[in-house]
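First comes the structure, then the notes that go with it.
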There are 2 protein chains.
Amino acid sequence: MAELFHPAPEAISLTAVLAAIGEPTRLAIVKRLDQADCGINCGQAAPCPDLAKSTMSNHFRVLREAGVIRMVKRGVENINTLRREDLDSRFPGLLDHILRVAD
Amino acid sequence: MAELFHPAPEAISLTAVLAAIGEPTRLAIVKRLDQADCGINCGQAAPCPDLAKSTMSNHFRVLREAGVIRMVKRGVENINTLRREDLDSRFPGLLDHILRVAD
DNA sequence: ATCCGTAATTCGGAATTAACGAACTAATGG
DNA sequence: CCATTAGTTCGTTAATTCCGAATTACGGAT
């Protein structure tokens, strides 16, 4: 069970972040993580239950590899959190701004 | 010669805009258009001359259909401008913010 | 009108990516 | 040990991206 890849804060790419968030399902995931006050697992963060699990798994992987979310395994589930401080240090205010205009 | 499609200002989708800008070549095009004080054609807006023209044409189409740029035919060329006011009315400050964090 | 050069789009293909179901792995509880 | 829950991996199919070659569109010169 290899450890999950996360880019270092300074290696987070703007276009990768925008591309990751620029997809309706993934934006919905980010919005849900933003509203949550603590990390939540993939099932709870998923906006629509009609999508295949494998599809959701892919969406979470894209968000993680872009540096948007942090994923840690806890027991049988993955706990997801937004990488707020890392995103803010690299792109100050960007995440908040996007979430604000996203209704 | 059909008229070029542009989404109405209120029909511009956030995820479409983010996905359009979330690609290095297209972000470079947007940055160049931002620095230009008047509309410029596709060749001048292209950041790298080694890309095929058909590829660039596609990138411009993506930006146009997402509502990021306006394209008007003038003679033999297309004049491209950022749709600042439309983007700002729909997503206030977003474009400036992205351009600011994009170095 | 016809031909030429410039600017950009369209077409056909190979390569990459996305979504899905099915099978699989990992952790926990009975 | 077996069942359950939570996700991942795999193989297929559909869609997208990128490219070069061919094509259209326009403007100017002949």
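- Rounding to whole angstrom units, CD1 of residue B:Ile79 and P of C:dT6 are separated by 17 Å.
- Within the 4.5 Å cutoff, side-chain heavy atoms of B:Leu4 are placed close to those of B:Arg64.
- Contact check for A:Lys53 versus A:Met56: no side-chain heavy atoms found under the 4.5 Å cut-off.
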Using a cutoff of under 3.5 Å, can you pull out all pairs of nitrogen or oxygen atoms linking the protein to nucleotides 27-30 of chain D, with atom names and distances?
none

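- Rounded to whole Å, the distance from NZ on A:Lys73 to P on C:dT25 is 13 Å.
- With rounding to whole Å, B:Glu23 atom CD is found 14 Å from C:dT17 atom C1'.
- Atoms CG and CZ, on B:Leu33 and B:Arg84 in that order, are 9.0 Å from each other to the nearest 0.5 Å.
- Straight-line distance from the CD atom of B:Glu77 to the C1' atom of C:dT6: 9 Å, rounded to whole Å.
- Spacing between atom CE of A:Met71 and atom P of D:dA6 amounts to 14 Å, rounded to whole angstrom units.
- Counting to the nearest Å, the P atom of D:dC26 and the CG atom of B:Asn41 are 16 Å from each other.
- Within the model, atoms CG of A:Leu87 and CG of A:Leu14 stand 10.5 Å from one another, a figure rounded to the nearest 0.5 Å.
- From A:Glu65, atom CD reaches atom CG of A:Asn58 across 9.0 Å, with rounding to the nearest 0.5 Å.
- For the atom pair CZ (A:Arg74) and CG (A:Asn41), the distance works out to 9.5 Å, reported to the nearest 0.5 Å.
- For the segment residues 52-68 of chain B, the set of residues with a heavy atom within less than 4.0 Å of an atom of DNA chain D comprises B:Ala52, B:Ser54, B:Thr55, B:His59, in numerical order.
- For B:Asp50 and D:dG20, the CG to P distance is 10 Å, given to the nearest whole Å.
- In this structure, A:Arg26 CZ and B:Leu18 CG are separated by 11.0 Å, a value rounded to the nearest 0.5 Å.
- Side chain of A:Asn80 to backbone of A:Ile40: a donor-acceptor contact under 3.5 angstrom is found.
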